[in-house]
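Here is the structure we will look at, set down as structure tokens.
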Amino acid sequence: MPRIIGGKYMNEASKVFQEGDDFWQAGSYDEAKEKYRLSAQIYEEKQDIEGEAFALSRLGELELSLGNFEAAEKALSAAADLVQYSDYAQNTYGEALTKLGKLEAEKGNTAKALDYFRQAKEVLNSIDNKNLLGDVYDQTGYVYLLEGKDKEALKAYMMAVKLYGADGVSLKEASVLRAIARIQMKNHSYDEAHDVLEKCRDLYRENGDLLGEASALSAIGCLRYIIKDIENARKALMKAVYLYGKATHHYAEAEALLYLARVEAIDRERGDFERAKAHYKRAIELFDFLGNDVMKKSVLEEYNNFLNRCLG
């Protein structure tokens with residue numbers, strides 16, 4: 001369903017649809033819903049079932065993001081039914097099935113979610129849509145994690161990475177690599193996790209995603225701290241703190257400072273207690289600035305324990 005070509009709206013329905021996206025981005029959810037409904041109505045009047053299904057699918061996605069499961073299912077099911085037998089609209093059908101699977105996963109119905117994903121894979125495989133197929137495998141991996149099946153999750157995530165990479169969707173690829181690294185760290189496969197995180201970091205950097213790169217660096221720093229590679233843990237976390245500060249993401253910056261403080265507090269030979277004090281204080285200041293009393297209290301307690309250990 002084309003919406004814009006050359007910066008110009010193609011028709012009234014696509015213009016209304018775009019207005020819905022704009023309202024959603026602005027946090028005006030009721031207005032966004034109305035625009036999606038109106039867009040679907042206009043498409044219906046024009047007998048454009050793919051356009052109608054696309055608008056309903058987006059409406060369902062919005063309802064799902066708000067936790068309105070019943071409304072989401074109604075919209076997504078209607079979208080899927082409209083295009084199920086339309087050869088030219090199988091992209092939209094596969095995407096609707098994927099969203100229905102995500103809905104069931106959010107409801108805790110993992111078996112039903114996996115069944116929707118199975119159907120979506122069949123549809124998207126038949127039209128070789130690697131991007132949307134990658135989304136299905138990504139969501140499949142998430143469901144397997146919910147079920148505690150790390151091996152199956154890892155296989156699904158690896159397939160998502162392969163598909164995203166083949167289609168050049170590098171930001172999605174980076175996000176899935178981050179999930180893979182979490183599983184590998186959980187299973188103490190630290191060398192594999194480090195390689196994955198380095199690739200993840202490179203992809204975020206290539207896309208100019210400061211927060212993504214900082215997140216990967218923070219994970220690398222934590223991994224290096226676990227295996228007591230203090231020098232490289234320090235380097236990674238210092239870069240993460242800098243990037244989070246540059247992006248003005250104060251909560252993540254405070255977290256990275258806390259990790260960095262722990263690195264410096266490891267012992268007097270490998271760490272630097274004065275730097276540890278400074279990092280703890282700065283983290284406490286940021287959590288205080290953010291009004292996060294829980295984290296402020298927790299870090300303050302950890303800082304005082306560190307001081308007592310130093311004096312002892």
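Numbering of residues begins at 1 and proceeds along the displayed sequence.
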> By ring pair (Phe, Tyr, Trp, His ring centres under 6.0 Å), which residues pair with Phe69, not counting sequence neighbours?
Replying inline: none
>> Run the ring pair (Phe, Tyr, Trp, His ring centres under 6.0 Å) test against Phe306 and tell me which residues pass, sequence neighbours left out.
In response: Phe273, Tyr280
Can you name the side-chain contact (heavy atoms from CB on, under 4.5 Å) partners of [X], sequence neighbours left out?
X	result
Val241	Glu253, Ala256, Leu257, Leu260
Ala71	Glu63, Asn68
Leu171	Tyr204, Asn207, Asp209

>> List the residues meeting side-chain hydrogen bond (donor to acceptor under 3.5 Å, both in side chains) with Tyr36, not counting sequence neighbours, and say none if there are none.
In response: Asp21
> Mind checking what makes side-chain hydrogen bond (donor to acceptor under 3.5 Å, both in side chains) contact with Asn292, not counting sequence neighbours?
Replying inline: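 None.
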>> I need the full list of side chain to side chain donor-acceptor pair (under 3.5 Å) pairs touching residues 152-167, with sequence neighbours left out, sorted by first then second residue.
In response: Asp135-Tyr164
>> Could you walk me through whether Gln90 and Val83 satisfy the side-chain contact (heavy atoms from CB on, under 4.5 Å) test, starting with their C-alpha distance in whole Å, then the side-chain angles of each, then the deciding distance to 0.1 Å, before giving a yes or no?
In response: CA-CA 7 Å; Gln90 291 300 286; Val83 291; 5.6 Å; no
Tell me the salt bridge (Lys or Arg N to Asp or Glu O under 4.0 Å) pairs involving [range], sequence neighbours left out?
range	answer
residues 234-245	Glu231-Lys235, Arg234-Glu264
residues 74-86	none
residues 294-306	Arg262-Glu302, Asp288-Lys296

> How far does CG of Asn187 sit from CG of Asp150, to the nearest 0.5 angstrom?
Replying inline: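 Between Asn187 CG and Asp150 CG, I get 5.5 Å after rounding to 0.5 Å.
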> Under the criterion salt bridge (Lys or Arg N to Asp or Glu O under 4.0 Å), which of Glu106, Glu61, Glu104, Glu73 is the partner of Lys99?
Replying inline: Glu61
Just list the side-chain donor-acceptor pairs under 3.5 Å for residues 113-124, sequence neighbours left out, or say none.
from	atom 1	to	atom 2	distance (Å)
Asp115	OD1	Arg118	NE	3.2
Asp115	OD1	Arg118	NH2	2.8
Asp115	OD2	Gln119	NE2	3.2
Arg118	NH1	Glu122	OE2	3.1

